[in-house]
Amino acid sequence: MKKHLLLSILALCFIGLSNSSAQGFVKPSEGKAAIYFTRTVTFGSGMLIDIFDGEEYIAYSMGKGYSVYECEPGNHVFWVAAENTDFITADLEAGKVYIAQVYVYPGVMKGRISLVPNSATDAKLDGYNASLEIVKAESPKVMKEKTFEGRKAKFTKKKFMTVKMEGYKNNIEGKKEVPHISKEMAVEAKEFK
């Protein structure tokens with residue numbers, strides 16, 4: 001009897017763990033917004049890409065898949081770094097979910113990258129649909145804590161985020177057109193599990 005009770009408790013724990021990391025779009029925590037960073041193609045899958053929110057290191061991405069970042073609603077500057085650096089701006093609404101797709105393409109020494117807002121309102125839906133498919137088919141990538149902390153410490157020590165954001169403010173902000181995620185670009189409610 002005790003053995004069956006223990007097995008039942010373990011089964012319930014396992015079910016709870018699987019649901020917490022299950023695939024599909026999930027509403028963000030109360031008062032937060034969420035952005036899904038997707039990589040939908042296998043080209044450059046061995047390349048580790050670092051993702052930032054202003055001067056904060058938030059994630060790394062390696063291979064096809066996606067990661068989820070919950071943040072405060074409002075204005076953000078998200079960017080990725082590899083052989084090049086690419087920026088997008090965002091105005092996020094609490095309780096909403098947004099998508100930014102990470103593209104990798106051939107560069108000189110290593111792959112180049114771009115960060116592209118995805119929305120159902122896009123005239124060309126290929127990226128958006130590919131992002132929907134990958135989120136529905138897979139669980140989010142779980143970052144290795146040691147790798148994340150190591151990369152974050154390296155970037156912080158070098159003042160990498162500060163230097164890049166100063167470059168953005170001095171050379172890009174208000175001077176060049178930067179892709180933007182507006183509040184209206186949220187993932188539609190029908191896409192949630």
Side-chain angles (χ1 to χ4, degrees), residues 25 28 32-45 47-62 64-135 151-152 155-156 158-188 191:
F25 291 98
K32 301 286 186 181
I35 185 163
Y36 284 56
F37 293 97
T38 63
R39 285 178 71 176
T40 60
V41 296
T42 55
F43 178 79
S45 60
M47 186 174 149
L48 192 141
I49 296 171
D50 296 295
I51 306 171
F52 304 85
D53 180 1
E55 291 190 29
E56 185 179 349
Y57 181 70
I58 59 172
Y60 65 85
S61 170
M62 191 166 186
K64 191 174 178 180
Y66 68 98
S67 57
V68 182
Y69 172 61
E70 276 197 359
C71 58
E72 294 299 322
N75 294 311
H76 294 264
V77 177
F78 295 111
W79 53 286
V80 289
E83 184 175 281
N84 64 311
T85 304
D86 197 44
F87 297 89
I88 63 171
T89 58
D91 183 12
L92 310 179
E93 187 177 333
K96 302 287 182 170
V97 171
Y98 302 86
I99 301 171
Q101 192 168 11
V102 180
Y103 284 102
V104 180
Y105 51 97
V108 177
M109 298 300 289
K110 56 184 177 178
R112 294 182 61 82
I113 50 175
S114 63
L115 194 54
V116 179
N118 280 181
S119 166
T121 60
D122 290 341
K124 187 174 161 184
L125 295 176
D126 292 345
Y128 181 74
N129 289 333
S131 291
L132 292 181
E133 286 175 22
I134 204 159
V135 171
R151 294 190 73 73
K152 181 178 178 180
F155 291 129
T156 302
K158 291 181 176 182
K159 299 185 180 182
F160 182 75
M161 290 88 81
T162 303
V163 169
K164 290 293 184 180
M165 285 307 296
E166 284 174 1
Y168 171 79
K169 288 174 184 171
N170 294 331
N171 303 314
I172 298 172
E173 187 176 41
K175 296 175 182 145
K176 295 180 182 177
E177 191 171 326
V178 176
H180 181 72
I181 297 175
S182 64
K183 289 180 180 178
E184 298 76 33
M185 295 173 73
V187 172
E188 298 173 330
E191 303 298 346

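Of all heavy-atom pairs between Cys71 and Asp53, the closest is CB-OD2, 4.5 Å. The shortest heavy-atom contact between Met161 and Glu56 is CG-N, 4.4 Å. Here the shortest heavy-atom pairing between Ser131 and Thr38 reads OG-OG1, 2.8 Å. Across every non-hydrogen atom of Glu191 and Phe25, the tightest pair is O-CD1, 3.6 Å. Minimum interatomic distance between Asn118 and Gly127 (heavy atoms only, all atoms of both residues): OD1-O, 3.1 Å. In this structure, Glu93 and Pro73 approach most closely via the heavy-atom pair C-CB, 4.0 Å.
Among the candidates Tyr36, Phe37, Phe87, Tyr57, the single residue satisfying the ring pair (Phe, Tyr, Trp, His ring centres under 6.0 Å) test with Phe78 is Phe37. Of the candidates Asp50, Ile51, Ile88, Val104, Val80 forms a side chain to side chain contact (heavy atoms under 4.5 Å, CB included) with just one, namely Ile51.
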Exercise for the section: Before giving the answer on side chain to side chain contact (heavy atoms under 4.5 Å, CB included), spell out for Val178 and Glu173 the whole-Å C-alpha distance, their side-chain angles and the decisive distance to 0.1 Å. Expected result: CA-CA 8 Å; Val178 176; Glu173 187 176 41; over 6 Å; no
Handout entry: Check against side chain to side chain contact (heavy atoms under 4.5 Å, CB included), Val41 and Tyr105
Key = CA-CA 10 Å; Val41 296; Tyr105 51 97; over 6 Å; no
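Counting heavy atoms from C-beta on, the side chains of His180 and Pro117 never come closer than 4.5 Å. Ile181 places a side-chain heavy atom less than 4.5 Å from the side chain of Leu92.
A donor-acceptor contact shorter than 3.5 Å is absent between the side chain of Asn75 and the backbone of Thr89. Put simply, the side chain of Asp86 gets close to the backbone of Leu115: a donor and an acceptor are under 3.5 Å apart. Looking at Thr85, its side chain never comes within 3.5 Å of a backbone N or O of Ala81 through a donor-acceptor pair. Formation of a donor-acceptor pair under 3.5 Å by the Tyr98 side chain with backbone atoms of Lys183 is found in this model. Side-chain N or O atoms of Arg39 include none that pairs as donor or acceptor with a backbone N or O of Tyr103 at under 3.5 Å.
The CG atom of Leu132 sits 8.5 Å away from atom CD of Glu188, with the distance rounded to the nearest 0.5 Å. The distance from atom CD of Gln101 to atom CD1 of Ile99, rounded to the nearest 0.5 Å, is 8.5 Å. With values rounded to the nearest 0.5 angstrom, Met165 atom CE is found 9.0 Å from Ile172 atom CD1. The CG atom of Asn84 sits 4.0 Å away from the CZ atom of Arg112 when rounded to the nearest 0.5 Å. The distance from the CE atom of Met62 to the CE atom of Met47 is 10.0 Å, given to the nearest 0.5 Å. Atom CD1 of residue Ile35 and atom OH of residue Tyr69 lie 9.5 Å apart, to the nearest 0.5 angstrom.
Ring-plane geometry between Trp79 and Phe160 is classed as tilted, the angle between the planes lying from 30 to 60 degrees on a 0 to 90 degree scale. Below 30°, between 30° and 60°, or above 60°: for Phe155 and Phe52 the angle between ring planes is above 60°, a perpendicular geometry.
Remark: Glu83 engages no residue in a side chain to side chain donor-acceptor pair (under 3.5 Å) (not counting sequence neighbours).
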